[in-house]
Amino acid sequence: MSSGHEGEPRIQAAGLTKRFGDFTAVDGVDFAVVAGETFGFLGPNGAGKSSTMRMIGAVSPRSGGALRVFELDPAEAGPEIRARLGVVPQEDNLDLELTVFENLLVYGRYFGLPSSLIRERADELLAFMQLADRRQHRVEPLSGGMKRRLTIARALVNEPDLMLLDEPTTGLDPQARHAVWDRLYRLKQRGVTLVLTTHYMDEAEQLCDRLVVMDRGRIVAEGSPRDLIARHVEREVVELRFAAGTQDGAVARLAGVGDRIEELADRILIGTADGDATLAAAQDRGVEPESVLIRRSTLEDVFLSITGRTLID
Amino acid sequence: MVEQAAHVLSWHARSYRKSWRATITVAFLNPLFFLFSIGVLLGGIVDEGRADLGGLTYLEFVAPGLLAATAMQIGTNEGSFPVMAGLKWTRTYHAVVATPVRVLELFLGFFGWVALRIVVAAAIFTAVAAAVGAFRSPWAALAPLAALGCGLAFAAPIAATAGAVENSSVLTAIFRFGILPLFLFSGTFFPVSQLPAALEWAARVTPLWHGVTLCRELAGGTAELWPSLGHAGYLAAFTLAGGALAIRILQRKLLK
């Protein structure tokens with residue numbers, strides 16, 4: 001599995017726009033992805049991530065702007081582009097009646113691969129995705145995590161130059177999620193170019209070399225996870241969690257403590273370079289939270305500081 | 001294009017290997033039950049009274065009708081829920097169009113599969129009916145093709161409908177209030193001349209009546225070139241218009 005030469009352009013988008021009637025789902029976004037990197041779209045539901053992915057996947061015509069995938073225009077070269085993509089959609093669309101292996105076989109045929117080659121690759125892919133013992137099982141009764149891994153295996157059957165993963169772990173339990181992350185991390189190590197959307201900041205932090213933060217159809221920030229945190233938020237966060245009804249007036253009393261204060265329904269977050277000192281200062285102001293936590297800043301805090309909202313409502 | 005459509009067709013064939021048991025009643029058993037109960041047994045009584053069936057025995061009259069009606073049912077079944085499933089339930093159509101396969105090729109592969117299902121069932125029915133003496137003319141050998149035309153004339157517009165509607169209850173309603181009355185009143189079991197004039201003309205514009213009539217004239221040896229081409233053209237028009245519409249609807253739904 002390879003993704004061609006490092007640094008070769010894979011996706012270039014400029015002013016990319018998608019409208020559904022009056023609603024603008026993607027509002028003029030610019031980004032570029034090169035071979036070998038793992039690129040993420042981070043944002044809450046409805047931010048325009050999936051619409052962007054579908055345009056890249058050449059299954060959704062753009063409403064405006066420019067888009068090139070493998071330096072081809074999806075409006076003109078859909079089948080050529082799709083031949084080189086591996087797509088993991090947000091909702092699994094496996095054939096539930098067929099076996100695990102048959103799903104790979106049927107899918108591989110659409111790429112014009114001979115059955116003998118698909119057979120070989122299927123064995124490798126099922127071993128890689130830890131599904132080898134399920135090869136002859138019907139798909140329907142498999143767990144959500146196994147279906148997701150099979151969908152990823154299926155997307156790899158044509159040895160794609162670019163993988164598109166739309167919310168690859170949404171709906172999975174933590175254990176299944178970690179299993180998927182582990183496999184994606186290995187693909188990344190092998191040099192496969194990955195583009196993924198997520199509303200989980202830990203997913204973005206663990207996997208992405210570079211990401212854009214999307215909100216309401218626009219890109220609001222771009223960089224590596226570490227850059228974004230360094231640029232947009234303080235190093236640490238003091239979280240003050242309050243019992244219901246005891247938070248009123250606390251923000252006013254905390255004025256001037258730390259570098260940045262965000263108030264949420266059940267807690268107050270204080271961004272600061274020094275968590276311990278800030279917590280001590282907060283306690284001096286007489287606020288009485290139920291519990292306190294000092295932690296490193298995350299992409300969640302980046303999103304909150306830019307948009308004033310949380311990633312998962 | 002043909003190659004990609006063939007891959008889609010072979011996917012359907014592979015899926016069918018898992019589910020064929022559920023389809024044999026509608027495709028094979030029911031038509032044969034009708035053939036024996038209505039055609040042979042009821043027909044024995046009907047023939048005593050010598051109804052005006054253009055010189056045919058009742059078995060000779062009803063067997064080609066059942067053939068066309070069976071094709072209609074398979075076409076309707078295969079064109080309806082499977083399309084809705086591919087689009088909305090299992091979403092397998094979305095998986096297909098994420099590959100180099102185009103929507104047009106997806107549709108042609110699907111439609112080719114429906115055609116194969118109809119023609120196999122029609123050929124089996126024709127063989128059994130011929131064995132019990134239901135056909136007069138060797139032209140009956142063409143009846144499965146006429147039945148195919150009839151089945152596709154339903155499959156195509158139904159597929160367009162299944163693609164367009166949001167709710168499967170619309171499809172259920174089509175079965176109950178469309179297909180069942182057609183089956184009973186469009187000339188399968190009795191000449192439509194038995195109907196009141198207005199209903200007779202309503203029956204004559206349905207694709208089923210054209211399919212039944214074409215099958216019956218072939219099997220009875222009364223088919224003439226131009227009327228037969230007229231029936232075939234009528235069925236082809238439904239197929240082409242329905243198919244073109246279905247392709248457009250699938251494109252709209254799959255390539256939003």
Applying salt bridge (Lys or Arg N to Asp or Glu O under 4.0 Å), run through B/Glu105 and B/Arg102 and close with a yes or a no. CA-CA 5 Å; B/Glu105 293 160 338; B/Arg102 291 173 294 176; 3.1 Å; yes

A/Thr197 and A/Gln90, any side-chain heavy atoms less than 4.5 Å apart: no

With respect to chain A, which residue among B/His94, B/Arg14, B/Gln4 yields the maximal number of heavy-atom pairs within a distance under 4.5 Å? B/Arg14

Using heavy-atom distances under 4.5 Å, tell me whether A/Leu94 contacts chain B through its side chain, its backbone, both, or neither. backbone

Which atoms form the tightest heavy-atom contact between B/Arg176 and B/Pro181, and what is the distance? O-CD, 3.4 Å

Only pairs of heavy atoms separated by less than 4.5 Å count here; which of A/Leu98, A/Val106, A/Thr151, A/Asp92 has the most with chain B? A/Leu98

For A/Arg10, is there an ion pair with A/Glu37 - N to carboxylate O distance below 4.0 angstrom? no

Does any heavy atom of chain A fall under 4.5 Å from the side chain of B/Val103, the backbone, both, or neither of them? neither

Which answer fits A/Arg154, side chain, backbone, both or neither, if we ask what part of it has an atom under 4.5 Å from a heavy atom of chain B? side chain

Report yes or no: is the cationic atom of A/Arg183 (NZ for Lys, CZ for Arg) closer than 6.0 Å to the six-membered ring centre of A/Phe128, at no more than 45° off its axis? yes

Does any heavy atom of chain B fall under 4.5 Å from the side chain of A/Arg109, the backbone, both, or neither of them? both

Top contributor to chain B interface from A/Met55, A/Glu91, A/Lys18, A/Arg84 [non-hydrogen pairs under 4.5 Å]: A/Glu91

Any ion pair linking B/Lys18 and A/Glu102 (charged N to carboxylate O, less than 4.0 Å)? yes

